Number of protein chains: 2
Amino acid sequence: MSCSFSKQEQILQQFKGLTNQISPKFERCTGISASRYELLSQLYNTEEINQSTLQKAVNIDGAAITRHLKQLETSGMVARRRNPDDNRVIFVSLTEEGRQRIVEYRKENMGFVKQMLHDFTPEEVDALSDMMERMQTNISEY
Amino acid sequence: MSCSFSKQEQILQQFKGLTNQISPKFERCTGISASRYELLSQLYNTEEINQSTLQKAVNIDGAAITRHLKQLETSGMVARRRNPDDNRVIFVSLTEEGRQRIVEYRKENMGFVKQMLHDFTPEEVDALSDMMERMQTNISEY
DNA sequence: GTATTATATTTGACTGGTCAATGGATAGTG
DNA sequence: CACTATCCATTGACCAGTCAAATATAATAC
């Protein structure tokens, strides 16, 4: 018996396929990986932040965060120092250099997203965002 | 000047964050990685298929396909043989074993997706699927 | 019929994520 | 005050994707 796969069942694959396509293209277009861009974005609106709270904000494994930040540090865009009051935690912040570069990156990001969503109404973007948030909470307990 | 980031700009990050969360959970729940599941699914409704057309169907780099298929071959779920009429191409097919296993995997997949979309109406699922398709075509030219 | 070009698969180097284990620092408890 | 818990960051091992280069075969052009 042949038996095809429903739209529901394929949603996951569509999701994965789309992000797999997006990631390298984003990086080519903007000159920075999506994850590093997100880290810089998070730092942009703050002075100094715990590495662990930064990690929770971007929802990537701590090991990857450590590596990204080290890289961003050696490239001069972020600064890191230990919290003198608690030597376990590390404070992360943007350098002046990083603060300037993020502005450029942000332009590229906006261009990319605008292209990707050029035929989307604002309501659709909202709906999409909401649905993703719901999916996130629906699987968060797993 | 502090300057926050719009919903549009954050869509990408939301996307990436969600797939990053989904992938390991899917694998834990179903016992197979999403990519391998997709490969098996594709093979389920066919007799024999070119590796290259399979690759285009799942939209993953050929290098990764080769590695996945080799793994699935040594685990006894797929068979591969060269096309006698064109020794460049490789025919891939499910083994009996693979054909049985995919049925189980599919159950797990449905359970997982059902949980993830449990509060979605069918119309929402359709809308989501359509939007992803549009995004895909919107960035395909890049 | 050879030379070139194109196609299919494979391999290697690299990136970025996961988990599990480690080390150092702090907090809580008897 | 020790002793245990916990927390934070790091490290190592692994997996899955990318690109680019290599290989082998087929198709095309002269």
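Letters A, B, ... mirror the listed sequences (proteins, then strands); counts begin at 1. Quantities reported herein were computed from a predicted structural model and do not represent experimental measurements. What's counted below: heavy atoms across the whole structure, side chains too, no hydrogens, waters or symmetry copies.
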B:P24 or A:D85, whichever maps to the more 5' nucleotide of DNA chain C: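 The 5'-side residue here is B:P24.
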In whole Å, what is the span from the [atom1] atom of [X] to the [atom2] atom of [N]?
X	N	atom1	atom2	result
A:D61	D:dA9	CG	C1'	12 Å
A:R82	D:dC8	CZ	P	13 Å
B:Q55	C:dT7	CD	P	14 Å
A:R88	D:dT6	CZ	C1'	8 Å
A:K25	D:dT18	NZ	P	11 Å
A:N87	D:dT10	CG	P	13 Å
A:N50	D:dA9	CG	P	6 Å
A:N20	D:dC15	CG	C1'	13 Å

Both distances below 3.5 Å, Watson-Crick or wobble geometry, any strand: find the nucleotide opposite C:dT26.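 Result: none.
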For D:dA5, which nucleotide in any strand shown is its Watson-Crick or wobble partner with both distances under 3.5 Å?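 None - no nucleotide pairs with D:dA5, as no candidate has both distances under 3.5 Å.
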Does a side-chain N-to-carboxylate-O contact under 4.0 Å join [X] and [Y]?
X	Y	value
A:K107	A:E104	yes
A:E124	B:R134	yes
B:E38	A:K16	no

How do A:R28 and A:K56 order along DNA chain D: which one's closest nucleotide is nearer the 5' end?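 Whichever sits nearer the 5' end wins; that is A:K56.
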Do any side-chain nitrogens or oxygens of [X] fall under 4.0 Å of OP1 or OP2 in [N]?
X	N	value
B:T66	C:dT11	no
B:K70	C:dT9	no
A:Q51	D:dT10	yes
A:S52	D:dA9	yes
B:K16	C:dG17	yes
A:S33	C:dG16	yes
A:R36	C:dG16	yes
A:R80	D:dT10	yes
A:H68	C:dT15	no

Ignoring hydrogens and geometry beyond distance, is a side-chain donor-acceptor pair present between B:N20 and A:N59 at under 3.5 Å?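 Distance-only check fails for B:N20 and A:N59.
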Is it true that the side chains of B:E47 and B:S93 contain a donor and an acceptor less than 3.5 Å apart?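 No pair is found: no donor N or O on one side chain lies under 3.5 Å from an acceptor on the other.
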Can you identify which nucleotide, out of D:dT25, D:dT18, C:dT9, has its nearest atom closest to the B:D86 side chain?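 For B:D86, the side-chain atoms sit closest to D:dT25.
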Decide if the gap between the ring center of A:F112 and the ring center of A:F26 is smaller than 6.0 angstrom.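 A:F112 vs A:F26: aromatic centres under 6.0 Å.
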Taking atom types as they are modelled, is there a donor-acceptor pair under 3.5 Å from the base of D:dT18 to the side chain of B:R67?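 When only heavy-atom distances are counted, B:R67 does reach the base of D:dT18 through a donor-acceptor pair under 3.5 Å.
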Please classify the glycosidic conformation of D:dA5 as syn (within 90° of 0) or anti (everything else).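 Here the answer is syn: the torsion falls within 90° of 0.
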So what does B:I60 touch, heavy atoms closer than 4.0 Å: a base, only the sugar-phosphate, or nothing?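 Counting heavy atoms under 4.0 Å across all strands, the contact made by B:I60 is with sugar-phosphate only.
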